[in-house]
Engineer: 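The following block contains the structure, expressed as structure tokens.
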Amino acid sequence: MALLGQRITGEVQMTTMTRRSLLKLSATAGAVTGLALPSAAHAAQVKNLVVVGQNGNLNIVTPGGAMLMYYQQSWQTGSGGFLGPFHNGNGFDAFGWIASCGVGYSYDNLYVCVNGSGVWGYYWKAGPQAWANGGAPVRIAGSSGGGWGDLGNLISGGYVAESNVPGGSTFYTIDFYGRLYWHKFQGVPGEGGDWAANSGRQIGRGWESFRYVTASPSGAMYGVDSSGNIRWYRYEYPTSGNGDTWRPGSGAIIGSGWYGGTYGYQTVQSAGVDWDSGVGANGGLYMVDKNGSLRWNEHLDWYGGAPNWRYPTGGGRIIGTGWM
């Protein structure tokens, strides 16, 4: 996979914050500490699986099950180069679904991985470049009930926090019947943590027909339909899951060309980034087109749902090649 790493394009511009926070990454590329995986039949996979986390973190799971981690610098504008790839283990093709979410406002990552034996959590520490819990997975839920049964989609919602509500890493699941569920993990697997109250709560229905669904820490969610339209929604309780209320105007079409057609996107995922509870970059989206090029675009009105974009919708800026 060295060739793949060489093909990731973009000029590297090391900012002071990035240098301070990610200095150890360059020195420890490829370091993996004691990774273990639950036994299960491997899922059929013929392409790279792209998994987007937080604060510029992107992951590739190869068809052979290797996890390669990248960090994009200047992720707020989609203009930075990449650090990586860092080989963080093998065997991830054992899972049918994988989602990555930030932990606090850091470069750490919580991975939720699902297969027939259950829902498993891994915690990657960016500082020491090591898996927590000796690399052993922690079973954090069963594979039936609680929003995990008949799973059709697993979506990262980013790290969320607000006054009087403990922060946590949010996830959304969609079952085969189109029912949408909210989940939030407080803490980290292997070092103390559990699901917050209301986790597993159904907050919507009718989501089964979308080709892609993705979410940001603000509660903004995007669904791409079979006609290539991208629709905006905003869930009103992304931090607490206290209800099933959606922002007025949810469901509005805010762009076209996001499925099939010229670009033929193979995945659309929110950048899922937020520095703190007051300052965030919640409208960024990563897409991989039919040629395997990684593109970036930004929905400028993620809060209100107006169809305002950084680049024309359906296109976006090419920031890398060889991603699928």
Engineer: Is any side-chain heavy atom of Cys113 closer than 4.5 Å to a side-chain heavy atom of Ile98?
Structural biologist: yes
Engineer: Rounded to the nearest 0.5 Å, how far apart are OG1 of Thr173 and CD of Gln202?
Structural biologist: 10.0 Å
Engineer: Quick one: does Trp131's side chain have a donor or acceptor within less than 3.5 Å of a partner on Asn88's backbone?
Structural biologist: yes
Engineer: So Trp309 and Tyr222, would you call those rings parallel, tilted or perpendicular, with 30° and 60° as cut-offs?
Structural biologist: tilted
Engineer: Taking the six-membered ring of Tyr303, is NZ or CZ of Arg234 closer than 6.0 Å to its centre and within 45° of its axis?
Structural biologist: yes
Engineer: Assign the ring pair Phe82 / Tyr70 to parallel, tilted or perpendicular, where the plane angle (0 to 90°) is split at 30° and 60°.
Structural biologist: perpendicular
Engineer: Nearest 0.5 Å, please: how far is CD1 in Ile174 from CH2 in Trp207?
Structural biologist: 6.5 Å
Engineer: Can you establish whether the number of heavy atoms outside Arg139 located under 6.0 Å from its atom CZ is more than 12?
Structural biologist: yes
Engineer: Sorted by first residue and then second, give each salt bridge (Lys or Arg N to Asp or Glu O under 4.0 Å) pair with at least one member in residues 302-315; sequence neighbours left out.
Structural biologist: Glu298-Arg310
Engineer: Could I get the full list of side-chain contact (heavy atoms from CB on, under 4.5 Å) partners for Ser143, not counting sequence neighbours?
Structural biologist: none
Engineer: Linking I/L/V/M/F/W/Y whenever any side-chain heavy atoms sit under 4.5 Å apart, do Tyr172 and Trp246 land together?
Structural biologist: yes
Engineer: Can you hop from Val268 to Tyr259 via hydrophobic side chains spaced under 4.5 Å?
Structural biologist: yes
Engineer: In a check of side-chain contact (heavy atoms from CB on, under 4.5 Å) between Ile254 and each of Thr313, Ile230, Asp301, which one passes?
Structural biologist: Ile230
Engineer: Mind checking whether Phe95 and Tyr111 have ring centres under 6.0 Å apart?
Structural biologist: no
Engineer: For the residue pair Tyr105 and Tyr159, does the interplanar ring angle fall in the parallel (under 30°), tilted (30 to 60°) or perpendicular (over 60°) class?
Structural biologist: perpendicular
Engineer: How is the hydrophobic cluster of Tyr123 composed, in terms of its other members, when Ile, Leu, Val, Met, Phe, Trp and Tyr link through side-chain heavy atoms under 4.5 Å apart, directly or indirectly?
Structural biologist: Trp97, Val103, Leu110, Val112, Val114, Val119, Val138, Ile140, Trp148, Leu151, Leu154, Phe171, Phe185, Val188, Trp195
Engineer: Given side chains that start at C-beta, do those of Trp182 and Tyr235 come closer than 4.5 Å, heavy atoms only?
Structural biologist: yes
Engineer: To the nearest 0.5 Å, how far apart are CD in Gln129 and CH2 in Trp124?
Structural biologist: 4.5 Å
Engineer: Scan Arg295, Gln72, Gln269 and name whichever one has a side-chain hydrogen bond (donor to acceptor under 3.5 Å, both in side chains) with Tyr286.
Structural biologist: Gln72
Engineer: For Trp120, check side chain to side chain donor-acceptor pair (under 3.5 Å) against everything at least two apart and list the hits.
Structural biologist: Asn115, Ser117
Engineer: Test of understanding: clusters of I, L, V, M, F, W, Y form through side-chain heavy atoms closer than 4.5 Å, transitively. Do Tyr233 and Val224 belong to the same one?
Structural biologist: no
Engineer: Which of these, Tyr71, Trp323, Trp75, sits in a side-chain contact (heavy atoms from CB on, under 4.5 Å) with Leu58?
Structural biologist: Trp323
Engineer: If you round to the nearest 0.5 Å, how far is NZ of Lys184 from CG of Asn198?
Structural biologist: 9.5 Å
Engineer: Shared ILVMFWY cluster between Phe210 and Tyr265, side chains joined below 4.5 angstrom?
Structural biologist: no
Engineer: Could you list the residues that satisfy ring pair (Phe, Tyr, Trp, His ring centres under 6.0 Å) with Tyr181, not counting sequence neighbours?
Structural biologist: none
Engineer: Measure the NE2-SG distance between His183 and Cys101 for me, rounded to the nearest 0.5 Å.
Structural biologist: 12.5 Å
Engineer: Looking only at heavy atoms, which two atoms of Val50 and Thr267 are closest? And how far apart?
Structural biologist: CB-CG2, 4.5 Å
Engineer: The criterion is ring pair (Phe, Tyr, Trp, His ring centres under 6.0 Å); which residues satisfy it with Tyr237, sequence neighbours excluded?
Structural biologist: none
Engineer: May I ask whether Leu285 and Tyr212 are part of the same hydrophobic cluster, defined by side-chain heavy atoms of I, L, V, M, F, W, Y residues being less than 4.5 angstrom apart, directly or through others?
Structural biologist: yes
Engineer: Any chance OH of Tyr177 has more than 12 other-residue heavy atoms, nucleotides or ligands included, within less than 6.0 Å?
Structural biologist: no
Engineer: What I want to check is whether the side chains of Asn55 and Asn57 have a donor and an acceptor closer together than 3.5 Å.
Structural biologist: no
Engineer: Using 0.5 Å steps for rounding, measure from the OG atom of Ser250 to the CE atom of Met221.
Structural biologist: 10.5 Å
